[in-house]
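Contents: one structure, followed by commentary.
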Amino acid sequence: MSYQIQKHESQQIRYGERMSPSERRSLWVSRVFIWITMIVVIFPALWIVMSSFSAGDSFFLASLFPKKLSAEHYVDLFRETNFVQWVWNSLKLCLIVAVIQLILTSLAAYAFARMRFTGRKYGLMSLLVLQVFPNSMAVAGYYILIYKFGLVDSSLALIFVLAGGSAFNIWLLKSYIDGIPVELDEAALVDGANRFQVFYKVVLPLAMPQLAVLFLFSFIATYSEYVITSIFLQTPGKMTLALGLQSFISDQFAAHWTMFSAAAVISSLPIMVVFMCLQRFIQNGLVAGGVKG
């Protein structure tokens with residue numbers, strides 16, 4: 001083991017001797033840039049964590065580390081609010097929407113990647129156009145549909161709206177499927193499989209890394225969605241996490257910023273758990289998605 005370490009260090013020394021002064025300067029500049037970027041990214045998160053452990057309701061601390069650490073905001077969060085109910089509502093909504101959106105996205109991406117049909121070209125162009133417009137532009141239309149058909153507090157209607165598919169996800173999965181050899185489909189068809197069997201027995205298993213990435217994208221987008229959810233849901237018992245967190249800071253004269261910080265810290269845990277569970281697939285999916293297509 002020591003021999004291998006010495007061999008590795010000697011190789012690094014020889015590599016460093018071959019580097020020119022300009023290459024060394026570029027290496028150090030890139031390192032400094034990475035360090036600065038890491039500090040910029042980590043500092044706001046650290047500020048939120050420290051704020052959640054500080055006393056009072058003030059969000060602006062005299063120093064990054066408070067003089068006295070207290071967990072009272074975490075205790076009050078579970079004791080005085082419906083935080084657990086908000087998290088449960090959000091997780092149910094996110095899981096259902098992500099699964100439905102994944103089914104619709106995979107079917108659409110496979111059709112655009114493997115099948116030749118009338119309007120295919122214009123369908124792909126339409127997907128590109130749809131990516132330009134944000135979902136918030138349809139708020140007026142949602143208001144009309146809600147009050148015309150009585151869809152206030154309808155979780156089912158909200159699920160259908162949020163699970164309507166993502167043009168970006170369809171393009172991303174289509175480019176991944178384009179990288180899968182068509183000969184695999186042809187071999188399965190020769191063996192007697194139909195198109196649907198080729199889809200879920202050949203293509204889907206090979207596209208599993210990209211599907212994990214799309215599932216994470218859909219889950220995070222639904223988990224943090226506020227505008228559309230605030231239109232559909234009005235009852236406190238059906239509020240999602242985003243709506244519940246907004247209630248902490250809605251009153252400018254009684255904004256509970258430290259409790260909001262505690263809720264934000266705990267709210268990030270489900271996303272971290274999902275990301276860690278899918279990390280192996282996500283890494284492969286992002287790399288392959290950036291190379292193929």
Side-chain angles (χ1 to χ4, degrees), residues 34-61 63-66 69-99 101-102 135-136 158-159 162-163 166 168-169 211-230 233 236 238-250 255-283 285-286:
I34 293 175
W35 292 337
I36 294 176
T37 304
M38 291 177 60
I39 294 174
V40 171
V41 172
I42 295 176
F43 182 77
L46 183 60
W47 186 281
I48 292 293
V49 174
M50 291 296 101
S51 177
S52 66
F53 286 103
S54 64
D57 288 335
S58 178
F59 181 71
F60 299 98
L61 306 177
S63 61
L64 181 60
F65 299 96
L69 297 178
S70 174
E72 60 177 342
H73 301 300
Y74 291 91
V75 176
D76 295 339
L77 180 65
F78 290 97
R79 180 185 300 171
E80 301 177 2
T81 67
N82 296 324
F83 181 77
V84 176
Q85 184 66 38
W86 300 338
V87 174
W88 176 243
N89 293 339
S90 295
L91 292 179
K92 288 192 300 183
L93 181 66
C94 292
L95 184 60
I96 296 174
V97 169
V99 171
Q101 194 172 113
L102 204 60
N135 293 332
S136 57
L158 177 61
I159 289 173
L162 296 178
S166 172
F168 173 75
N169 290 348
L211 293 176
V213 174
L214 299 183
F215 179 86
L216 181 64
F217 286 170
S218 301
F219 192 93
I220 294 177
T222 308
Y223 193 75
S224 59
E225 207 288 319
Y226 173 77
V227 176
I228 300 176
T229 306
S230 63
L233 303 181
K238 294 186 177 181
M239 292 175 63
T240 60
L241 188 59
L243 299 180
L245 292 180
Q246 196 271 342
S247 64
F248 290 157
I249 56 176
S250 57
H256 303 287
W257 286 104
T258 46
M259 186 178 293
F260 176 87
S261 301
V265 172
I266 300 179
S267 302
S268 63
L269 297 181
I271 299 297
M272 294 174 60
V273 172
V274 173
F275 184 85
M276 292 175 63
C277 293
L278 301 178
Q279 184 177 7
R280 179 170 59 92
F281 297 102
I282 292 171
Q283 183 178 1
L286 290 175

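Being a predicted model, the structure only gives us computed values, none of them experimental. Computation of the quantities below employed the complete heavy-atom set of this structure, encompassing side-chain atoms and omitting hydrogens, waters and symmetry-equivalent molecules.
Atom-to-atom distance recorded for Tyr223:OH and Ser218:OG is 16.0 Å, nearest 0.5 angstrom. Between Phe53 atom CZ and Ile48 atom CD1 the span is 12.5 Å, to the nearest 0.5 Å. Taking CG from Leu216 and CG from Leu211, the interatomic distance works out to 12.5 Å, rounded to the nearest 0.5 Å. Here the CD atom belonging to Gln246 is positioned 9.0 Å from the CZ atom belonging to Phe260, to the nearest 0.5 angstrom. Here the straight-line distance linking atom CD1 of Ile34 with atom CD1 of Ile39 works out to 12.5 Å at 0.5 Å rounding.
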Asn169/Gln101 under side-chain contact (heavy atoms from CB on, under 4.5 Å): CA gap, chis, key distance, verdict
CA-CA 9 Å; Asn169 290 348; Gln101 194 172 113; 3.3 Å; yes
Pair Leu95-Phe215, side-chain contact (heavy atoms from CB on, under 4.5 Å): steps then yes or no:
CA-CA 9 Å; Leu95 184 60; Phe215 179 86; 4.0 Å; yes
Take Phe219 and Val97, measure what side-chain contact (heavy atoms from CB on, under 4.5 Å) needs, and give me the verdict at the end.
CA-CA 8 Å; Phe219 192 93; Val97 169; over 6 Å; no
Run Asp76 and Met259 through side-chain contact (heavy atoms from CB on, under 4.5 Å) and show every step you take.
CA-CA 8 Å; Asp76 295 339; Met259 186 178 293; 3.6 Å; yes
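The side-chain hydrogen bond (donor to acceptor under 3.5 Å, both in side chains) contacts involving residues 87-98 comprise Gln85-Asn89, where partners must be two or more places apart or lie in separate chains.
Listed for the Thr229 side chain is no donor-acceptor partner under 3.5 Å among the backbone atoms of Tyr226.
For the pair Leu93/Leu162, a side-chain contact is recorded, criterion being any heavy-atom separation below 4.5 Å from C-beta on. A heavy-atom distance below 4.5 Å is found between the side chains of Ile266 and Tyr74. Counting only heavy atoms from C-beta outward, the side chains of Thr240 and Glu225 never approach each other to under 4.5 Å.
Of the candidates Val274, Thr222, Val99, Leu241, Thr222 is the only one forming a side-chain contact (heavy atoms from CB on, under 4.5 Å) with Cys94.
Shortest non-hydrogen contact noted between Pro270 and Ser267 is CD-O, 3.1 Å.
Every residue meeting the ring-ring contact (aromatic ring centres under 6.0 Å, His included) condition with Phe78, not counting sequence neighbours, appears here in chain and number order: Phe83.
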